[in-house]
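One structure is given here, and the rest of the page talks about it.
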Protein chains: 2
Amino acid sequence: MFKDLDPILHSQLRLAVMSLLIGVKEAEFTFLREQTNSTAGNLSVQIQKLKDAGYIDVIKQFKDNYPQTICKITKQGIKAFEEYVTSLQSYLGKNGK
Amino acid sequence: MFKDLDPILHSQLRLAVMSLLIGVKEAEFTFLREQTNSTAGNLSVQIQKLKDAGYIDVIKQFKDNYPQTICKITKQGIKAFEEYVTSLQSYLGKNGK
DNA sequence: TAAATTTGGTTTATAAAATAAACTACTTTA
DNA sequence: TAAAGTAGTTTATTTTATAAACCAAATTTA
């Protein structure tokens, strides 16, 4: 009846990051921090978890002398996100079918 | 951009309970446990939290010699659930608008 | 040019949440 | 009357989320 919700995605911040990455396919750490209104520490931890899950790729490089972290959603990440959205439907209908 | 998700509702089990109660308006503890496939202990804790938040009313009585716990969603609970669903939309669109 | 500040993070510590295990209290059945 | 079942609650443990502290390099400013 109720489908299990992927615990990796059932987190406000991680879900927001995935939602952004689904749209843009690639984003900087600072962009994600601004858009999600999160702290760097929290974002750093959550990005690591998404990476560990295989949902995003993280590329660390330098840009204009500063370190730069780029995130991209993976195929697996897209699939997981879509499944999460589908699962969520079972909770959101006005009737409990 | 991303609306905050009510932490009381952003929990798989509590959301499932609310989803059921929105449909039926009243349900027994055991019914909720069966439908959500949860343990009694976990369900007991989560029902208490929904009650503390004012999202459900809990009526304890006896039926056929056994204790019986009945849950009903409140107006406040319905409102919170609807707001949660609305907020969630901002995370689910394919674009990050 | 040395000290303070900023950028872009990571690591560690703490608080909160979810879950499982153990327990309570009573009833039914063998 | 002993064992098993019903309907939960309480306590303990694990997992998450978050905040605070820290790090290294670059930049600004005094």
Query raised in the report: Does the side chain of A:Q76 come within less than 4.5 Å of A:Y55's, by heavy atoms?
Result: yes
Query raised in the report: Just checking A:N65: base, sugar-phosphate only, or nothing, at a heavy-atom cut-off of under 4.0 Å?
Result: sugar-phosphate
Query raised in the report: C:dA17 C1' sits how many Å from B:L50 CG, rounded?
Result: 13 Å
Query raised in the report: OP1 or OP2 of C:dA18 sitting under 4.0 Å from any side-chain N/O of B:R14?
Result: yes
Query raised in the report: Just checking B:Q46: base, sugar-phosphate only, or nothing, at a heavy-atom cut-off of under 4.0 Å?
Result: base
**Report entry** Interatomic distance, B:L5 CG vs C:dA17 C1' [rounded to whole Å]
**Finding:** 16 Å
Query raised in the report: Given side chains that start at C-beta, do those of A:V17 and A:Q46 come closer than 4.5 Å, heavy atoms only?
Result: no
Query raised in the report: How is B:S38 classified with respect to the nucleic acid when contacts are heavy atoms under 4.0 Å: base, sugar-phosphate, or nothing?
Result: nothing
Query raised in the report: Want to settle it: does A:H10 or A:F62 sit nearer the 5' end of DNA chain D, counting the closest nucleotide to each?
Result: A:H10
Query raised in the report: So what does A:Q12 hit on the nucleic acid, given a heavy-atom distance under 4.0 Å: a base, only sugar-phosphate, or nothing?
Result: nothing
Report summary line: B:K3 meets the salt bridge (Lys or Arg N to Asp or Glu O under 4.0 Å) criterion, sequence neighbours left out, with none
Report task. Measure from CG on B:L43 to P on C:dA21 and round the result to the nearest Å. Result -> 17 Å
**Report entry** Nucleotide interval of DNA chain D bounded by contacts with chain A (heavy-atom cut-off, under 4.0 Å)
**Finding:** D:dT16 to D:dT27
**Report entry** Flag, side chain of B:R14 to backbone of B:P7, donor-acceptor distance under 3.5 Å
**Finding:** yes
Report task. State, with a plain yes or no, whether a side-chain heavy atom of A:D6 is found less than 4.5 Å away from one of A:S87. Result -> no
Requested in this report: Compare side-chain N and O positions of A:S44 against OP1 and OP2 of C:dG9 and report whether any pair is under 4.0 Å apart.
Outcome: no
Query raised in the report: Do A:Y84 and A:L5 touch side chain to side chain, with heavy atoms closer than 4.5 Å?
Result: yes
Requested in this report: Mind calculating the distance between CG (B:N42) and C1' (C:dA22) to the nearest angstrom?
Outcome: 15 Å
Report summary line: Between B:F81 and A:L92, the two heavy atoms sitting closest are CE2-O, 4.2 Å
Report task. Find the distance B:Q68:CD to C:dT27:C1' and express it as a whole number of Å. Result -> 15 Å
Query - Which nucleotide in C:dT27, C:dT12, C:dA18 has an atom nearest any side-chain atom of A:V45 - result: C:dT12
Query raised in the report: Under 4.0 Å between a side-chain N or O of A:K63 and OP1 or OP2 of C:dT7?
Result: no
